[in-house]
Amino acid sequence: MKFQSIRGVKDILPGEIEAVQRLELAARSVFESFGFSEIRIPIFEVTELFARGIGTTTDIVEKEMYTFEDRDGKKITLRPEGTAPVVRAYIEHQLNLKAPVAKLYYLGPMFRHERPQAGRFRQFYQIGVEAIGTDRPAMDVEVLAMLMTTLQQVGVTEVQLEINSLGDAACRPHYRKTLKAYFKTHLSQLCEDCRRRYEINPMRILDCKKEGCKTVTAKAPSSLDHLCGECLAHFQQVKDGLNQLKIPFIVNERLVRGLDYYMRTAFEVTTTKLGAQNAIAAGGRYDGLVEELGGPPTPGIGFAMGVERIATLMERFETPKPDLFFALLGEEAVRQMLPVIIRLRGEGVRIEMDYSGGGLKKQMGLADKLGARHTLIVGENELKSGKAILRDMRTKEQREMSLSDLSEPLLKIIRS
RNA sequence: GCGAGUGUAGCUCAAUGGUCAGAGCACUGGUCUGUGGCACCAGGGGCUGGGGGUUCAAUUCCCCUCACUCGCCCCA
């Protein structure tokens with residue numbers, strides 16, 4: 001009986017994980033420079049939170065959630081996204097009272113029961129940001145700047161930022177009605193999926209890639225023509241802000257989002273290098289969500305980055321190599337050197353050694369394979385003479401070092 | 001949920017309805033007993049994903065199943 005990981009779930013091994021670590025590090029540092037703080041949210045919540053937050057007719061809620069009953073009979077769901085939990089925490093801890101705008105970021109795994117595919121997993125990682133408490137377009141611009149800066153810092157530059165405005169509670173219903181009226185006259189030309197979308201979420205039809213639907217949507221009324229004055233002004237200010245910061249973007253009026261809570265600004269960062277899963281980050285404004293989840297009427301905006309997708313666009317980074325390898329011959333050498341090894345490791349020096357008890361040749365081979373910069377040789381001869389041998393593995397130069405005073409001189413050499 | 005493709009050594013891949021399923025890389029050992037990379041030599045390693053069927057005989061042909069990959073849908 002061989003065990004293997006569950007379908008759609010994978011291990012990220014050394015060699016692969018380094019890019020992820022860099023991305024996380026870069027994101028943290030960028031977000032914190034913008035004044036955002038980490039919030040660590042649970043990976044499961046009551047099912048109702050997601051149903052209300054994301055929307056009961058969305059694909060995520062209808063068929064992708066990992067939902068189960070816990071031992072008390074409570075309905076629990078592994079989080080499929082991070083915004084609803086963050087908003088729940090915002091309300092629960094009354095973060096609205098602690099600062100005018102709650103600026104939060106999170107990172108961790110999300111779970112969706114989808115068919116695995118290139119760039120799509122059932123457990124996947126997101127790094128996300130939420131700014132709750134302001135509807136100023138300046139915040140939209142800041143959030144987008146954070147996202148693009150982070151991508152740039154990890155060297156992911158061949159991407160496209162697409163933005164759109166979905167309207168708000170005042171103008172979206174009108175647009176929806178107009179759109180539905182238009183599609184009603186073209187129903188027969190739409191694909192089966194789109195006829196279903198017509199009932200559930202007609203805006204999604206705009207996003208269909210089928211040729212027949214495309215010809216219909218090409219002449220469909222544009223969302224941008226139906227924005228109310230306030231939404232239009234908001235959108236204009238967001239675009240102005242991006243231009244001012246020289247952040248390139250295109251307006252894609254077909255851009256709609258699959259989650260119900262988005263309104264006004266919606267955006268997506270895409271790449272052509274990942275096959276079918278071309279979105280590496282996406283987000284938008286969700287001005288009605290806090291209220292929907294039981295909090296005071298509060299606007300918010302956020303995004304999530306797909307960690308695996310971005311990581312595959314990054315160059316690969318080597319696993320760190322040892323600074324120093326200890327080639328020790330005999331138990332006595334091990335006994336005497338262990339304190340030095342521990343002390344140097346405490347200083348942050350990466351030290352490896354041999355655990356097989358093999359001869360010097362074998363240990364040198366291991367030092368080479370691990371890519372150690374230096375090797376310190378201590379055997380019977382060295383114990384007798386009181387002098388260890390330090391070998392530079394690149395230049396092959398060797399020098400003697402006093403056994404009685406190793407740590408400081410070694411530190412100096414390694415840090416030089 | 002639907003469609004297509006692929007499962008052979010740790011990895012990348014060969015092969016044939018018929019003797020014992022091979023190669024490269026990797027690994028282990030030796031040439032070289034306290035000095036790595038190179039070279040040469042040798043060695044270990046496989047229920048050919050699992051189950052069933054056809055056949056004298058299946059890794060090969062057929063069916064089922066599982067897994068992976070890619071696409072649709074949807075999404076990050």
Side-chain angles (χ1 to χ4, degrees), chain A residues 1-10 13 15 23 54 57-64 80-83 107 109-128 147 159 191-194 196-197 200-201 204 207-210 255-259 267-271 274-284 302-313 325 327-330 333 354 356 358-384 389-398:
Chain A
M1 173 73 183
K2 261 193 196 160
F3 288 107
Q4 58 180 204
S5 61
I6 291 171
R7 167 169 234 187
V9 164
K10 66 164 190 166
L13 300 175
L23 173 58
I54 300 169
T57 61
T58 58
D59 275 21
I60 293 179
V61 172
E62 273 187 342
K63 49 195 187 195
E64 295 174 2
E81 56 102 48
T83 300
L107 51 95
M110 304 294 163
F111 304 85
R112 292 181 200 171
H113 191 107
E114 296 179 276
R115 186 82 160 195
Q117 207 184 109
R120 203 171 73 183
F121 313 98
R122 289 183 173 178
Q123 173 174 335
F124 60 101
Y125 292 80
Q126 286 191 337
I127 302 176
L147 171 55
V159 297
C191 69
E192 202 179 310
D193 285 326
C194 283
R196 190 172 48 84
R197 291 182 185 123
I200 300 167
N201 186 351
R204 294 215 64 85
D207 208 23
C208 188
K209 284 131 203 142
K210 296 222 167 74
L255 175 67
V256 287
R257 314 258 56 242
L259 289 65
F267 55 90
E268 210 168 87
V269 179
T270 58
T271 171
L274 287 181
Q277 267 58 47
N278 63 352
I280 61 171
F303 66 77
M305 298 191 285
V307 171
E308 292 91 340
R309 291 183 186 178
I310 294 170
T312 62
L313 295 176
F325 185 94
L328 304 174
L329 301 162
D354 171 82
S356 74
L360 183 59
K361 183 183 173 63
K362 192 177 169 185
Q363 297 200 27
M364 292 299 291
L366 182 58
D368 181 55
K369 202 178 117 180
L370 294 173
R373 183 67 224 288
H374 297 273
T375 297
L376 189 80
I377 301 167
V378 182
E380 280 173 35
N381 300 341
E382 288 71 26
L383 291 177
K384 239 176 258 171
I389 299 168
L390 182 71
R391 179 179 177 88
D392 183 317
M393 298 298 278
R394 278 215 280 268
T395 65
K396 300 183 184 179
E397 279 170 51
Q398 303 197 160

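Naming: A, B, ... by sequence-line order, numbering from 1 per chain. Note: hydrogens, waters and symmetry copies are ignored here, and every other heavy atom, side chains too, is used. Worth saying up front: this structure is predicted, and the values here are computed from it rather than measured.
Listed by chain and residue number, nothing satisfies the salt bridge (charged side-chain N to carboxylate O under 4.0 Å, His left out) test with A:K362 (two or more places apart in sequence, or in another chain). With sequence neighbours excluded, the residues satisfying side chain to side chain donor-acceptor pair (under 3.5 Å) with A:R122 are A:H113. A:Q126 pairs by the side chain to side chain contact (heavy atoms under 4.5 Å, CB included) definition with A:Y106, A:M110, A:R112, A:F124, A:A304, not counting sequence neighbours. For A:P109, the side chain to side chain contact (heavy atoms under 4.5 Å, CB included) partners are A:I43, A:R79, A:F111, A:Q123, A:Y125, not counting sequence neighbours. Shown here are the side chain to side chain contact (heavy atoms under 4.5 Å, CB included) partners of A:T270, two or more places apart in sequence or in another chain: A:Q160, A:E162, A:E268, A:N278. Legend: residues meeting side chain to side chain donor-acceptor pair (under 3.5 Å) with A:E114, ordered by chain and number and at least two apart, are absent. Under the side chain to side chain donor-acceptor pair (under 3.5 Å) criterion, A:E382 pairs with no residue, sequence neighbours left out. With sequence neighbours left out, A:E81 forms a salt bridge (charged side-chain N to carboxylate O under 4.0 Å, His left out) with no residue at all.
For the atom pair CG of A:L274 and CD of A:E308, the computed distance is 11.5 Å after rounding to the nearest 0.5 Å.
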Report all side-chain donor-acceptor pairs from residues 368-381 of chain A shorter than 3.5 Å, counting only partners two or more places apart or in another chain.
unit_1 : atom_1 : unit_2 : atom_2 : d
A:R373 : NH2    : A:D392 : OD1    : 3.3
A:R373 : NH2    : A:D392 : OD2    : 2.9

Enumerate the protein-to-nucleotides 31-35 of chain B contacts in which both atoms are nitrogen or oxygen and the separation is below 3.5 Å.
unit_1 : atom_1 : unit_2 : atom_2 : d
B:rC32 : O2     : A:K361 : NZ     : 2.8
B:rG34 : O6     : A:E380 : N      : 3.2
B:rG34 : O6     : A:N381 : N      : 2.6
B:rG34 : O6     : A:N381 : OD1    : 3.0
B:rG34 : O6     : A:N381 : ND2    : 2.9
B:rG34 : N1     : A:N381 : ND2    : 3.2
B:rG34 : N1     : A:E382 : OE1    : 2.7
B:rG34 : N1     : A:E382 : OE2    : 3.1
B:rG34 : N2     : A:E382 : OE1    : 3.4
B:rG34 : N2     : A:E382 : OE2    : 2.4
B:rU35 : O2     : A:R391 : NH1    : 3.4
B:rU35 : O2     : A:Q398 : OE1    : 3.0
B:rU35 : N3     : A:Q398 : OE1    : 2.9
B:rU35 : N3     : A:Q398 : NE2    : 3.4
B:rU35 : O4     : A:Q398 : NE2    : 3.4

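The stretch residues 365-374 of chain A touches RNA chain B through A:G365, A:D368, A:K369, each having a heavy atom within less than 4.0 Å of the strand.
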* Asked: Could you spell out the base pairing of RNA chain B in dot-bracket, with Watson-Crick or G-U pairs whose two distances are under 3.5 Å, [ ] crossing and | to another strand?
  -> (((((((..((((....[...)))).(((((.......))))).....(((((..]....))))))))))))....

